[in-house]
Amino acid sequence: MTKGRYANIIVDISHEKVDKPFQYKIPEKLKEKLEEGMCVQIPFGMGNRLRRGYVVAITDQAQFPDEKQKLIAGIVNDSMPVEADLVRLASWMKETYGSTMIAALKTVLPVKQTIKHKEKRTIVRRFTVEETRSLLGECIRKHQTAKARVLEELCREGMLPYELVTGKLNVSPATLKGLQEKGVIAVETESYYRNPVKVETARESGKTLSAEQAEICSRVLSDFDQKERKTYLIHGITGSGKTEVYLSLIEGMIQRGKQCIMLIPEIALTYQTLLRFYKRFGDRVSVMNSTLSAGEKYDQCERAKKGDIDVIIGPRSALFVPFPNLGMIVIDEEHEPSYKSETMPRYHARETAEYLAAQKHASLVLGSATPSLEAYHRAKEGGYELFTLNRRLTGGALAPVSIIDLREELRSGNRSIFSRKLQELIEDRRQKKEQIMLFLNRRGYAGFVSCRSCGFVMKCPHCDVSLSQHMGGKMVCHYCGYETVQPQNCPSCSSPYILGFKAGTQQIEQQLLKRFPGISVLRMDADTTRTKDSYEKILTAFAQGEADVLVGTQMIVKGHDFPNVTLVGVLAADLSLNDSDYRAGERTFQLLTQAAGRAGRGAKPGEVLIQTYRPEHYSIIRAAAQDYEAFYEEEVLYRELGAYPPAAHMLAVLITTPDEERGEALAGKVAAIARAEAEDGTEAFGEGNKKAAVIGPAKASIGKINDIYRFVIYCKSPDYGKLTAIKDKIECRSAMMELKDENIQFDFDPIDRY
Ligand code: ADP
Ligand code: ZN
Ligand code: ZN
């Protein structure tokens, strides 16, 4: 059904300069067939070479005189036909977040790549449970930990997906081969596209839902049946049964012939979680994660389109899996910063899911133990329907949390990084053979090197950041990887007092070893997680009881269950309050709540200690009391006072260039454009009107990364539309400037300060 004579077409080549639609005439024979979003062949350029393009609009408005318009050569049928919806989604993203159309298309469209179809393999236990258990005992005695891991699972499950065992369970193919040769297991192979019945037998039906859980499911599904599409927010502490609700809802959708997208942050895609989905939905579920190649991703999209799967689980990019009959999108841990893209278009999965759900007439379910201010604000205002789950279903009560005032410790003469109470409890847990997690609340990893005499700080020559001290007298830049040896004397005043100010995880490890001789420590930070599987390896080792203590940065607080952990210590809770952007309080509350949730997950009760220099800060007090509501009330007030999201919207314009002077000049021009556009309104910001405030330009807080200078301009307005207007104006005006290597990027409602 063509609504016009011309088609605006994006040429599918990755070059900035062709990122604008070209108009073509629609030939008579295609008039009936052509639709927005279709992939077509068009003659392009001087030589009229045939190229591929996507139809982004069909119109009657001619851009040139008729006789100058070229004709579309034909519709491309051989490739995966591009969903018109996805192209519309891309154009919405371009508009809403600012990017080129090509970048937006590349974000949403699966890249066609033919790969050899992988076979789906399943591990089947051949031994009886008793035989397996006795072999397991033997492996534990011999410290064959990988073998023990898979055997332990096989005592519970008769079959396991091969990828899950080699991937998340971190068992090598060689180990599996050994077990296969001994006849303990068999590895069965099925072609990916055929429907393997094997995994089917491992399926498990859901638990009987609690009254609260059942209420959520019946409300959401009955809304759906009555054609009501809403966004729901489930606020429920960890262990309150949110995942069980998702599973039930998805089951309900499948019964209705619908498909579901389940977003989980990559870091929380653990073995246990994935296994729950596999057991419930067998091979109707598929996982998309960052380790998949482009070809494998394309494959997943094909399977989804053909109706071979009903559920896709993955991080934010799983949103773009083209289901023909999407019924529901679920976003677990909706507050996670990883739902925001770090490259243009800098989209947020929550907002994008809202658009997509509306477009596809699907429901949207959000869940979190610590909802983002944005989501909770919407729920409070009635935009989302709010459900609360506040009971842990496995019995284990929330661990009691105490706040330790580090200033008090110092006053009583304790200069160690461990408070007296923490030392006492560490000793106690060692005696009881229970485990401990120590959490350093910071994003940087190691300490910096400075001169005690003149205050000079060693900086990276390519980036505007201080170098981090590492073992063996090395200093490393965590932004660009630059490495150098620590000097003997201060480069500025030549004093010999140039020393590392260590506050990193390495130092905590050293202090632990010194204070508690014989204690075994696993450490997780940027250094120990360089290789691909190291993250999973460390966690598995800790879960297996291979160490008394796990020390780490923010990466250890997420998503893992360690039943034997009965003590969690946060070493300096306020470190994340010093981040100096408006989300610091929220981030601190979330991290402390998550960290506290790590203790007492098993049968034994746990305890949490939060050490801090700012025991009076509301983020710390509310996190210790595990009182989200009270935290929200205080935080939202602060956002309203500062006109920060969610009370208003914010646009960060980032200008990057290798030439500092040109960068500064461009930043000045861009700020002027923004100001002019901000003024352009009848009312004034602050008195309920539509104008925007423009702040800057300024050097970004990290003014240089990898020899590229960075300048930033912030615009604030209660009206998102005003900010997109500013963005459009900047885009339009900068397109007319003669820019060399200057780059302008947009970030709406930024997660981090620039
Ligand atoms: P969340 O996603 O909120 O952390 P889960 O859904 O993972 O919570 O549930 C926590 C634990 O409680 C899991 O071990 C789960 O199997 C169990 N559980 C959840 N719902 C029920 C239920 N209705 N009956 C019994 N156990 C349940
Ligand atoms: Zn000096
Ligand atoms: Zn650097």
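Numbering of ligands and ligand atoms starts at 1, following listing order. Remember, it's a predicted structure, so these values are computed and weren't measured experimentally.
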Check [Y] with [X], please: is the shortest side-chain N to carboxylate O separation under 4.0 Å?
X	Y	result
Lys242	Glu333	no
Asp310	Lys258	no
Glu215	Arg219	yes

The Zn ion (ligand 3): protein N, O or S atoms that are less than 2.8 Å away, sorted by chain
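Short answer, with waters excluded from the count: Cys460 SG, Cys463 SG, Cys477 SG, Cys480 SG.
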Using side chain to side chain donor-acceptor pair (under 3.5 Å), reason through His335 and Ser368 one step at a time and then give a plain yes or no.
CA-CA 7 Å; His335 63 276; Ser368 174; 2.7 Å; yes
Can a side-chain donor-acceptor contact be found between [Y] and [X] if the only test is distance below 3.5 angstrom?
X	Y	answer
Thr566	Glu434	yes
Asp707	His462	yes
Tyr246	Asp332	yes

Kindly say whether the aromatic ring centers of Tyr754 and Phe711 come within a distance under 6.0 Å.
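Tyr754 vs Phe711: aromatic centres not under 6.0 Å.
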Could you check whether the rings of Phe281 and Phe277 sit parallel, tilted or perpendicular, using 30° and 60° as the cut-offs?
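Because their plane-to-plane angle lies in the 30° to 60° range, the rings of Phe281 and Phe277 count as tilted.
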Report the relative orientation of the aromatic rings in His235 and Tyr376; use parallel for angles under 30°, tilted for 30 to 60°, perpendicular for over 60°.
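Perpendicular.
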Report the distance from atom NZ of Lys279 to atom CG of Leu160, rounding to the nearest 0.5 Å.
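Those atoms lie 9.0 Å apart.
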Residues which pass side-chain contact (heavy atoms from CB on, under 4.5 Å) with Ala630, listed by chain and number, not counting sequence neighbours:
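For Ala630 the side-chain contact (heavy atoms from CB on, under 4.5 Å) partners, ignoring immediate neighbours, are Arg622, Asp627.
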Count of N, O or S atoms belonging to protein, less than 2.8 Å from the Zn ion (ligand 2)
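Atoms of protein N, O or S type lying less than 2.8 Å from the Zn ion (ligand 2) total 4.
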Glu334 and Ser372: side chain to side chain donor-acceptor pair (under 3.5 Å), yes or no, with the steps?
CA-CA 7 Å; Glu334 100 11 81; Ser372 63; 2.6 Å; yes
Atom-level proximity to ligand 1, residues with heavy atom under 4.0 Å
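Residues within 4.0 Å of ligand 1: Lys207, Thr208, Leu209, Ser210, Gln213, Ile237, Thr238, Gly239, Ser240, Gly241, Lys242, Thr243, Glu244, Arg276, Leu393, Thr394.
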